[in-house]
Structures are given as structure tokens and as C-alpha cells.
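Below is one structure, written out as C-alpha cells, with a few remarks after it.
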Amino acid sequence: MRGEWNLRDWEKPHWTAFFERKINELKTGYIETVDLTNEDLCPENVIDILEAMGYEYDDCLANGWEQDTDIYFTSERVNLRLFYCGRTFQMGLTLLEEEDY
């Protein structure tokens, strides 16, 4: 996971295309989770990219000492859940099912 807060300008088109491709794979059922753990991104980068793609930051749930966080995004196309752990640095993106929210 990246230790930098902001994306450089030249990174934005790369990551936007990456997320468009991965979200399509989620929607078609080709994958269930986009594993972002080893990508050069931090949660703030993912939030910025998804918001630039038209997803609206909807809610954030954190459980405290375990440092697990779920952030929900809504759009007309599909709803998403970004999850990450501050202890293990695991990070991923899934489709948001209604029963999850």
C-alpha cells in the first residue's frame, strides 16, 4: 500500500482505466473482489479516483481497535464497497449488495 496521500497527474488516467476495467469484471461476475493490497495506492487515492468517476461517497464504518474500515459508494450504475485494514494493510473493492448496507 502506498504511503503517499496524493496521486500525481499522470497517474490519474492510468488508475481510472484500471478501475473501469475492474468494476466491469465485478459487474459481470468474472471476479468477486478487486484485491488492491499490493497496488501502489492508499485508501484516499481510491476514494479520489472513484469520486472522479462519478461515485458518491455515501458512508464509512470503522470498528476501532482492529482498524477495519468499510466505505460505501453509490452511483446510478453500481454501488461499491471499499474495505481496508490498518493493521494488515489489506485493501479491496467489492460490489455492494443490498443486505451488506
Atom [atom1] in [X], atom [atom2] in [Y]: separation rounded to 0.5 Å?
X	Y	atom1	atom2	answer
Arg81	Leu96	CZ	CG	8.5 Å
Glu39	Asn45	CD	CG	11.5 Å
Leu26	Thr94	CG	OG1	7.5 Å
Cys42	Phe89	SG	CZ	11.5 Å
Phe73	Ile23	CZ	CD1	10.0 Å
Cys85	Asn63	SG	CG	8.0 Å

List the atom of [X], the atom of [Y], and the distance in Å for their closest heavy-atom pair.
X	Y	result
Ser75	Gly54	CB-O, 4.1 Å
Ile31	Lys22	CD1-O, 4.1 Å
Arg8	Glu11	N-OE1, 2.7 Å

(message) Among residues at least two apart in sequence or on other chains, which ones pass side-chain hydrogen bond (donor to acceptor under 3.5 Å, both in side chains) with Asn79?
(response)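 If we apply the side-chain hydrogen bond (donor to acceptor under 3.5 Å, both in side chains) test to Asn79, skipping adjacent residues, there are no hits.
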(request) Could I get the full list of side-chain contact (heavy atoms from CB on, under 4.5 Å) partners for Asp35, not counting sequence neighbours? (result)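 By the side-chain contact (heavy atoms from CB on, under 4.5 Å) rule, Asp35 matches Thr37.
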(message) Applying side chain to side chain contact (heavy atoms under 4.5 Å, CB included) to Asp68 and Leu61, what does each step give before you reach the verdict?
(response) CA-CA 8 Å; Asp68 293 333; Leu61 302 173; over 6 Å; no
Determine whether [X] and [Y] make a side-chain contact, defined as any pair of heavy atoms from C-beta on separated by less than 4.5 Å.
X	Y	answer
Met91	Pro43	yes
Met53	Glu20	yes
Thr74	Asp59	no
Leu80	Leu95	yes
Val34	Leu36	yes
Thr69	Cys60	yes
Leu82	Ile47	yes

(message) I'd like to know if Phe83 and Ile71 are part of one continuous hydrophobic network [Ile/Leu/Val/Met/Phe/Trp/Tyr, side-chain heavy atoms within less than 4.5 Å].
(response)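 Unlinked, Ile71 and Phe83 end up in two clusters.
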(request) Quick one: sort the Phe19 and Trp15 rings into parallel, tilted or perpendicular, breaks at 30° and 60°. (result)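 The arrangement is tilted - the two ring planes meet at 30° to 60°.
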(message) Show every ring-ring contact (aromatic ring centres under 6.0 Å, His included) that has at least one partner inside residues 21-55, sequence neighbours left out.
(response)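 The answer is none; no pair qualifies.
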(request) Check for a donor-acceptor pair, side chain of Glu51 on one end and backbone N or O of Asp48 on the other, with a separation under 3.5 Å. (result)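 A pair under 3.5 Å: no.
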